[in-house]
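Everything on this sheet refers to the single structure shown next.
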Amino acid sequence: MPELPEVETVRRGLAPVMDGASIRRVEQRRPDLRFPFPDGFAARLTGRRIAGLSRRAKYLLADLDDGTVLVMHLGMSGRFLAETEEDIEAPGDFHHDTGHAEVHDHVVFHLQTVADAPARVTYNDPRRFGFMTLVPRAELSNHAHFRNLGVEPVGNALSADYLADRFAGKSAPLKAALLDQSIIAGLGNIYVCEALYRARLSPRRKASTLVTKAGQPRAALERLTEAIRMVIAEAIEAGGSSLRDYVQADGSLGYFQHRFDVYDREGEPCEKRGCRSRVRRIVQSGRSTFYCPDCQR
DNA sequence: CGAATGACCTGTGAGC
DNA sequence: TGCTCACAGGTCATTC
């Protein structure tokens, strides 16, 4: 799936179409994705106005005017296609259900934008690890998906002191600790690898070794905290600044990715810090970890 | 309790 | 070219 920066980029791409829009009609093309859609999903959305589109961790949240939130997760392979009237080559077809829908187009939102123009937002997800649900706004923070989420990796909540608190006594390797959504919400496999590389820390190192006996963050933990913040902030910025290029010709918003230092570069040279080693791939908790065995300790 | 593993799905690319 | 296998950005349920 898109990690947090990609989800944020998708949010920014959808916001111009969805913010303030009215939902005219919803096509729900199958009963479930990863989970069943809630009962009456399409009917409950029809006629609602979208007050705003936000994000928490890797979840997209559309606030509706009846006090519920449309929660959307992209799983591993989810993408959105946003089309406005001018994008449609054959305007006569615009209000019809697409006769050329892709196999994995599972949900289509037919909207009326704030500018009073028709628009269409299509959710496509081949692996169907994504899902959508409806949750009352007041219950959101207690909902199963959100109750245990940790802090956002950008913003003031993430600090070395916070991580020292969460890492103290933790025998799990750093890779696993950083993927734990109850500690930091939104970090995924790519950016964990990248942050550890930047902080020059081995993914196999025990999380507790970054904390002093008195529970204070060691210098390495200060470094890691800053690396996480920077890696995520830069990726969001790169996605945001290239949003125009990154929206596909067909209007689809999916992954944005720029060049990585270690991710998916097994056997290639570690190019920074002039260390001449090659990137290694190992498996930790069932997932690939990419790192430089020489400059990450 | 924490940590590791399997499960959920389809698509893609490498290797034979 | 066609087949098989390994692997893919995420969570959730189960097991040790």
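Order of the sequence lines fixes the chain letters, A, B, ..., with proteins taken first and strands second; residue numbering starts at 1 for each chain.
Here, C:dC3 and B:dC9 have their P atoms 25 Å apart, quoted to the whole Å. Atom name P, nucleotides B:dT5 and C:dC7: the rounded distance is 15 Å, in whole Å.
Rounded to whole angstrom, the span from the CG atom of A:D180 across to the C1' atom of B:dG2 amounts to 10 Å. When the C1' atom of C:dC12 is taken as reference, atom CG of A:N148 falls 12 Å away, rounded to whole Å. Whole-Å rounding puts the A:Q284 CD to B:dA4 P distance at 9 Å. Rounded to a whole Å, the CE atom of A:M72 is 18 Å from the C1' atom of C:dT11. Between A:F35 atom CZ and C:dT11 atom P the separation is 10 Å, expressed in whole Å. The distance from atom CZ of A:R265 to atom P of C:dC7 is 20 Å, rounded to the nearest whole Å. Distance A:L179 CG to C:dC12 P: 14 Å, rounded to the nearest Å. At whole-Å resolution of the value, NE2 in A:H73 and C1' in C:dC12 are 11 Å apart.
An OP1 or OP2 oxygen of C:dG10 is reached within less than 4.0 angstrom by no side-chain nitrogen or oxygen of A:Q181. When the side-chain nitrogen and oxygen atoms of A:R287 are compared with OP1 and OP2 of B:dA4, none of them lie within a distance under 4.0 Å. Checking the phosphate oxygens (OP1, OP2) of B:dA3, a side-chain nitrogen or oxygen of A:S171 falls inside 4.0 Å. The shortest distance between the side-chain N/O atoms of A:K170 and the OP1/OP2 oxygens of B:dG2 is not below 4.0 Å.
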Could you walk me through whether A:D125 and A:H104 pass side-chain contact (heavy atoms from CB on, under 4.5 Å), step by step? CA-CA 6 Å; A:D125 186 357; A:H104 300 301; 5.9 Å; no
Kindly indicate, with the supporting measurements, whether the criterion side-chain contact (heavy atoms from CB on, under 4.5 Å) is fulfilled by A:M72 and A:F80. CA-CA 11 Å; A:M72 297 174 280; A:F80 278 99; 3.8 Å; yes
Apply ring pair (Phe, Tyr, Trp, His ring centres under 6.0 Å) to the pair A:Y59 and A:F146, showing each step before the final yes or no. CA-CA 9 Å; A:Y59 297 86; A:F146 297 90; 4.7 Å; yes
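The aromatic rings of A:Y263 and A:F260 stand perpendicular to each other, their planes meeting at an angle above 60°, with 30° marking the opposite boundary.
Heavy atoms of other residues, nucleotides or ligands lying less than 6.0 angstrom from CZ of A:R204 number 12 at most.
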Given protein heavy atoms under 4.0 Å, the one-letter contact record of nucleotides 5-10 of chain B, with B base, S sugar-phosphate only and - none, is simply ---BBB
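With A:Q296 contributing its side chain and A:C292 its backbone, the two residues share a donor-acceptor pair below 3.5 Å.
The residues A:E152 and A:R55 are annotated as salt-bridged, a charged nitrogen and a carboxylate oxygen being separated by less than 4.0 angstrom. Here A:E271 pairs with A:R265 in a salt bridge; the nearest charged N to carboxylate O distance falls below 4.0 Å. Looking at A:E226 and A:R198, no side-chain N of the basic residue comes within less than 4.0 Å of a carboxylate O on the acidic one, giving no salt bridge.
Nearer to the 5' terminus of DNA chain C, by closest-nucleotide assignment, is the contact made by A:Y263 (compared with the other of A:F131 and A:Y263).
Across all strands shown, B:dC16 pairs with C:dG2; the Watson-Crick or G-U wobble distances both stay below 3.5 Å. Of all nucleotides present, none satisfies the Watson-Crick or G-U wobble test against C:dG9 with each distance under 3.5 Å.
Minimum interatomic distance between A:C270 and A:Y197 (heavy atoms only, all atoms of both residues): SG-OH, 3.2 Å.
Within residues 189-217 of chain A, the residues that place at least one heavy atom under 4.0 Å from DNA chain C are, in residue-number order, A:N189, A:I190.
The A:K58 side chain lies nearest to C:dG10 when the options are C:dC12, C:dG10, C:dG9.
When heavy atoms are screened at a 4.0 angstrom cut-off, A:R281 is found touching the sugar-phosphate backbone but no base atom.
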